[in-house]
Amino acid sequence: MAKGKGPKGKKITLKTAKNSIRISFDGGRRLDLSKMGITTFPKCILKLADVDELDLSRNMLKKIPNSIEKFQKLRWLDLHSNQLEELPKTVGTLQNLFYLNICNNKLTSKNLPEELNLLKNLRILNLGLNCLDSIPPTLGALKELKELGLFDNLLTTIPNSVKTLPKLQKLNAERNPFPESKKEEYVDPIKRVESLYLVQEKDLCCSCLKTCQEERGKLNKFKNTMPCPSKKLSFPLLLTPNSTAMDNQEQWRLKDEHL
């Protein structure tokens, strides 16, 4: 098999790569080489290392070379749905990275580089659908992390340093073999993150109290503008939302026309 070709004979040339550059919604340059049957990292794209985003997802890559460090401008790196068994330590040099998706690969805890903890600007990290049986406590150094995916692995615990990250808003650790006593804590972490705290007005600072009063005023004003129905509304044909309601709205319209 020729170098640079996958099972389908797909070869990535510099011309192909250049034609795969897109402009993202925020004006960045995105190199999209997803779903191209790539089995080896195309060396030619090192000549395009000034891109802001790199998408190599849904290929058949088994390895990312150390030369990934040349992509110093990268803010967004998507490697999901490949056959990666390890990541290079040099991924830790990508200091501008805020999004890293490496889910649905063959990564083990042993081959997860500690250098991930150097990605100080990382906001979103997806490690789901791998073969991880532990998470390094050093990930607790990712103080800017807001979303973490750990679902569908072999985890039995999550380090406290990770669970208590100061800006963490979403932690998906579903479908891991946690002990029964820990399942609720890990499987439904959003309840922990999105808690509601009630305080008395006297305990609020002046700024917070003013903000709350303004929002309450807006809500009251909205309520006062809403017309009061003369009688209780009834929807006898409406099924319970999110349970047995049909997904296809066209079926609903066709049903109504024949009633």
Would you say I68 and L61 are hydrophobically clustered, going by side-chain heavy atoms of ILVMFWY under 4.5 Å?
yes

Pairing of R30 and D52 as salt bridge, 4.0 angstrom limit
no

Can you tell whether the side chains of D78 and R58 come within less than 4.0 Å, N to carboxylate O?
no

Partners of N117 by side chain to side chain donor-acceptor pair (under 3.5 Å), sequence neighbours excluded?
none

Salt-bridge contact D32-R22 (side-chain N to carboxylate O under 4.0 Å):
no

Using 0.5 Å steps for rounding, measure from the CG atom of L145 to the CG atom of L139.
8.0 Å

Starting from L171, can I reach F151 by hopping between I/L/V/M/F/W/Y residues whose side chains sit under 4.5 Å apart?
no

Could you give me the CA-CA distance, side-chain angles and deciding distance for T13 and T16, then say whether side-chain hydrogen bond (donor to acceptor under 3.5 Å, both in side chains) is met?
CA-CA 5 Å; T13 63; T16 300; 2.9 Å; yes

Should M36 and V51 be counted in the same cluster of Ile, Leu, Val, Met, Phe, Trp and Tyr side chains packed under 4.5 Å apart?
yes

ILVMFWY network linking L165 to L97, side-chain heavy atoms under 4.5 angstrom
yes

When rounded to the nearest 0.5 angstrom, what is the spacing between CG in L116 and CG in L122?
8.0 Å

Check ion pair E144-K167 (N to O, under 4.0 angstrom):
yes

Ignoring hydrogens and angles, tell me if any N or O in the side chain of N130 forms a donor-acceptor pair with the backbone of N105 under 3.5 Å.
yes

Using 30° and 60° as the class boundaries, would you call the ring planes of F71 and F41 parallel, tilted or perpendicular?
perpendicular

Checking the side chain of S34 only, and the main-chain atoms of D55 only, is there a donor and an acceptor separated by less than 3.5 Å?
no

